[in-house]
Visitor: 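The following block contains the structure, expressed as structure tokens.
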Amino acid sequence: MAVKESHHRHYQAKQIPLFPLLSLICFVSIFLALSVFHKTSVIPRPHQTFQFINGVKSGRSTAAGGDSCDYSDGSWFHDPNLRTSRYDHTCKEIFKGWNCFAANKSNALEITNWHWKPTQCDLPHFDPVSFLEKFRNSNIGFVGDSLNRNMFVSLFCSLKSVAGEVKKWRPAGADRGFSFLKYNLTIAYHRTNILARYGWWSANADGGPLESLGYKGGYRVDVDIPESSWMEAPNFHDVLVFNTGHWWWAPSKFDPVKSPMLFFEKSLPVIPPVPPDVGLDMVLKHMISYVEKRMPRNAIKFFRTQSPRHFEGGDWYQGGSCQRQQPLSPQQAEDLFSLTNNRTNVEVRLVNEHLFKALNGTSFHILNITPMSELRADAHPAAAGGKKHDDCMHWCLPGLTDTWNDLFIKHLYNIRR
């Protein structure tokens with residue numbers, strides 16, 4: 001009997017109350033899960049309705065290890081401890097309307113806490129010192145509208161933070177340019193709204209083909225003549241990044257009735273007159289040919305895809321705004337940009353359709369920034385842009401265009417192995 005009692009007491013001593021232990025494990029698990037979710041949230045890219053060209057020129061490139069990677073297919077990861085920029089708001093080249101921190105935009109710092117992660121590989125933040133070393137004795141040009149200036153300024157500020165002595169220089173008709181003297185590296189921005197030469201046209205009193213159709217005035221666009229601001233750029237630069245698009249869908253500038261785009265080829269008006277989308281195809285055809293004939297075979301040519309606007313509630317002249325504090329969900333982006341919905345910002349995908357068609361079979365590489373950018377409705381200056389309306393077209397600096405340059409430089413490294 002004594003033996004049985006001793007055995008019973010020994011058994012009780014080994015028992016552990018299960019309820020408190022299970023409660024503790026559950027509490028710790030929930031705490032850790034919430035902590036991870038708070039630190040890193042994910043916004044995947046929306047499904048795109050436009051088609052991409054296969055190979056490097058579609059934004060696909062060779063990643064580390066020799067595998068092919070589509071850098072445009074990915075997600076935004078949020079990390080409050082991360083800063084994606086290599087400079088801050090004190091960089092003097094930042095246009096006042098894009099300096100969201102100085103303008104006290106509420107989420108100016110939060111914008112740089114988001115990191116783009118391609119699905120198949122990684123997109124590291126480029127190292128400015130390594131870039132300056134690798135591209136010594138090079139000339140890099142950005143040709144296009146103010147969105148390419150947005151990208152140019154981002155690159156300049158990143159390099160200026162480590163480069164030492166910098167000299168202002170505007171080569172080959174550039175609007176802005178800088179030389180990093182220690183590395184003999186020049187970067188420049190050539191401003192051009194539609195790539196082709198254009199200017200106001202008035203009807204001739206003696207008549208003509210357009211006059212006979214009732215045209216009294218409009219903008220003459222010479223589809224086969226580049227604008228003078230970048231005409232010499234292909235002969236000077238080793239790397240060029242082009243863009244166009246925003247001005248082609250700008251009724252406030254090219255009003256189809258009061259100030260239509262009138263296209264000329266070989267100095268003669270195109271008869272019958274064609275709409276802007278057809279004119280865009282003509283300009284792209286001639287400008288791409290112009291560049292390919294003039295740049296050396298070893299030069300690198302990029303065409304950047306369209307940067308999305310994020311106006312909601314109407315266009316800029318209709319009181320539209322962009323007040324979001326976080327990136328869009330995939331469904332929100334699809335609703336905003338779908339060609340089927342045909343809303344205010346639909347031109348982003350319309351332009352890309354024309355670009356991909358024109359660039360197919362050329363020696364240009366496509367810098368596809370559209371999918372990652374469509375989600376970033378939070379990254380525009382909005383009311384902090386200093387305009388009478390929200391700026392939902394340009395991007396805060398530091399900000400999204402820093403990631404564009406990460407993508408641009410990753411492609412450059414993969415091309416120049």
Visitor: Taking the six-membered ring of Trp200 as reference, does the NZ or CZ atom of Arg220 fall below 6.0 Å from its centre and within a 45° cone about the axis?
Guide: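 Ring-cation test returns no.
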
Visitor: Would you name the heavy atoms of Glu374 and Phe337 that are closest together and state the gap between them?
Guide: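 Between these two residues, the closest heavy atoms are O-CE1, 3.4 Å.
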
Visitor: So, do His190 and His237 have ring centers that fall under 6.0 Å from each other?
Guide: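 Between His190 and His237, the centre distance is under 6.0 Å.
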
Visitor: Does one side chain, of Asp406 or His125, offer a donor that lies under 3.5 Å from an acceptor on the other?
Guide: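 On atom types as modelled, these side chains qualify, holding a pair under 3.5 Å.
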
Visitor: For Trp116 together with Trp76, are the ring centres under 6.0 Å from each other?
Guide: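 Yes; Trp116 has its ring centre under 6.0 Å from that of Trp76.
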
Visitor: To the nearest 0.5 angstrom, please state how far the CG atom of Asp315 sits from the CH2 atom of Trp249.
Guide: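 Going from CG on Asp315 over to CH2 on Trp249, the span is 14.0 Å.
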
Visitor: Check this for me: does any side-chain nitrogen of one of Arg324 and Glu312 sit under 4.0 Å from a carboxylate oxygen of the other?
Guide: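 Result for this pair is yes, salt bridge flagged.
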
Visitor: Check this for me, if you would: do Arg176 and Glu93 make a salt bridge, where the nitrogen-to-carboxylate-oxygen distance has to be below 4.0 angstrom?
Guide: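 Yes, Arg176 and Glu93 are salt-bridged.
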
Visitor: Could you check whether Arg309 pairs with Asp391 (Lys NZ or Arg NE/NH1/NH2 to Asp/Glu carboxylate O, under 4.0 Å)?
Guide: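 Looking at Arg309 and Asp391, the cut-off is not met.
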
Visitor: Which value, rounded to the nearest 0.5 Å, describes the distance between His286 atom NE2 and Leu195 atom CG?
Guide: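 Atom-to-atom, His286:NE2 and Leu195:CG are 13.0 Å apart.
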
Visitor: Ser329 side chain to Gln332 main-chain N or O, any donor-acceptor pair under 3.5 Å?
Guide: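 Between the backbone of Gln332 and the side chain of Ser329 there is a qualifying donor-acceptor contact (under 3.5 Å).
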
Visitor: Under 4.0 Å between a side-chain nitrogen and a carboxylate oxygen: does that hold for Glu334 and Arg349?
Guide: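 A salt bridge links Glu334 with Arg349.
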
Visitor: Would you say the side chain of Phe131 lies within less than 4.5 Å of the side chain of Leu185, judging by non-hydrogen atoms?
Guide: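 When only atoms from C-beta onward are counted, Phe131 and Leu185 do touch, with a gap below 4.5 Å.
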
Visitor: Between Tyr413 and Lys134, is there a cation-pi geometry (under 6.0 Å to ring centre, at most 45° from the normal)?
Guide: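 Yes, a cation-pi geometry.
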
Visitor: Salt-bridged, Lys117 to Asp122, with N to O below 4.0 Å?
Guide: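 Salt bridge flag = yes for Asp122 with Lys117.
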
Visitor: Identify whether NZ of Lys or CZ of Arg in Arg304 sits under 6.0 Å from the centre of the six-membered ring of Phe302 and within 45° of that ring's axis.
Guide: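 So Arg304 doesn't make the cation-pi contact.
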
Visitor: Kindly say whether Lys285 contributes a backbone atom to a donor-acceptor pair with the side chain of Ser289 at under 3.5 angstrom?
Guide: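 A pair under 3.5 Å: no.
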
Visitor: First locate atom CD of Gln120, then atom CG of Asp73, and finally report the distance between them rounded to the nearest 0.5 Å.
Guide: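 The distance works out to 6.0 Å.
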
